[in-house]
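For reference, the structure discussed in these notes is given below.
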Amino acid sequence: MDPWTAQVYRVVRAIPRGRVASYGLVALLAGRPRAARAVGNVMLECRDPGVPCHRVIHADGSLAASFPDQRERLRREGVPFVGARVPVARARVDVGRCLWRARLPREAGFGGSGGRLRRMTRKDSPAL
DNA sequence: GTTGTGACTTTAA
DNA sequence: ATTAAAGCCACAA
């Protein structure tokens, strides 16, 4: 398994039950702030039951069209939804209430031994 | 090197 | 509230 996949798995495994993280947040914690899309690709290939890939959702609370089980698996964990009065496929996660507030120091390789962090560039923060 | 492919995100209509 | 367009990134051809 390549390092990128391993790093993404490490982050996703850290998402607690009943909480969710956007692809973008996972990318951020994985040390690749703009690699949300690439995170999606990893999830697409993920067959490891130990990785709670259903807890990774769109930034606006909507879910990937091609992952039908996701809604039910989240519901089973008590993840709150909004739009309970519209088509099932439209219902979105109440991100405001269950977004994972990650602890930075140790989780996901920050400050720990594992994570590869890239030096910040102008593109990462225009304020630089 | 280049090109194409997405379980993405943000912005502008 | 939708929808489209344009970025963005890792990966495999």
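Each chain gets a letter, A, B and so on, in the order its sequence line appears, and its residues count up from 1. Computed over heavy atoms, backbone and side chain alike; hydrogens, waters and symmetry mates excluded.
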Nucleotide [N], atom [atom2] - distance to [atom1] of [X] in whole Å:
X	N	atom1	atom2	result
E45(A)	dA10(C)	CD	P	16 Å
R92(A)	dA7(B)	CZ	C1'	17 Å
L25(A)	dC9(C)	CG	P	17 Å
L28(A)	dC8(C)	CG	P	17 Å
D60(A)	dA7(B)	CG	C1'	13 Å
Y23(A)	dA7(B)	OH	C1'	3 Å
M1(A)	dA10(C)	CE	C1'	15 Å
M43(A)	dA10(C)	CE	C1'	13 Å

### Query
Touch check for C53(A), heavy atoms < 4.0 angstrom, all strands: base, sugar-phosphate only, or nothing?
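Answer is base: heavy atoms of C53(A) come under 4.0 Å of a base.
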
With side chains defined as the heavy atoms from C-beta onward, is the minimum distance between [X] and [Y] less than 4.5 Å?
X	Y	result
V88(A)	F81(A)	no
V82(A)	V95(A)	no
L29(A)	W100(A)	yes
V93(A)	C98(A)	yes

Listed nucleotide nearest any side-chain atom of [X], set [options]:
X	options	answer
F67(A)	dC8(C), dA7(B), dC11(C)	dA7(B)
A59(A)	dC8(B), dC9(C), dT10(B)	dT10(B)
S66(A)	dA7(B), dT10(B), dA10(C)	dA7(B)
N41(A)	dT3(C), dG6(B), dA7(B)	dG6(B)
L44(A)	dA7(B), dT9(B), dC8(C)	dA7(B)

Please set out all donor-acceptor pairs under 3.5 angstrom arising from side-chain atoms of residues 54-62 of chain A, sequence neighbours excluded.
residue, atom, partner, partner atom, Å
H54(A), ND1, R73(A), NH2, 3.0
H54(A), NE2, E77(A), OE2, 2.8
R55(A), NE, E77(A), OE1, 3.0
R55(A), NE, E77(A), OE2, 3.1
R55(A), NH1, I15(A), O, 2.7
R55(A), NH2, E77(A), OE2, 2.7
D60(A), OD1, S62(A), N, 3.0
D60(A), OD1, S62(A), OG, 2.6

### Summary
Judged by nearest nucleotide, the residue sitting upstream toward the 5' end of DNA chain C, R37(A) or D2(A), is R37(A)

### Whole-Å C1' distance, dA13(C) and dA7(B)
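That atom pair is separated by 22 Å.
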
#### Entry: Distance, P atom - from dT11(B) to dC9(C), rounded to whole angstrom
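The answer is 16 Å between these two P atoms.
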
Please state whether the phosphate of [N], meaning OP1 or OP2, lies under 4.0 angstrom from any side-chain nitrogen or oxygen of [X].
X	N	result
R32(A)	dA10(C)	yes
T5(A)	dA10(C)	no
H58(A)	dT9(B)	yes

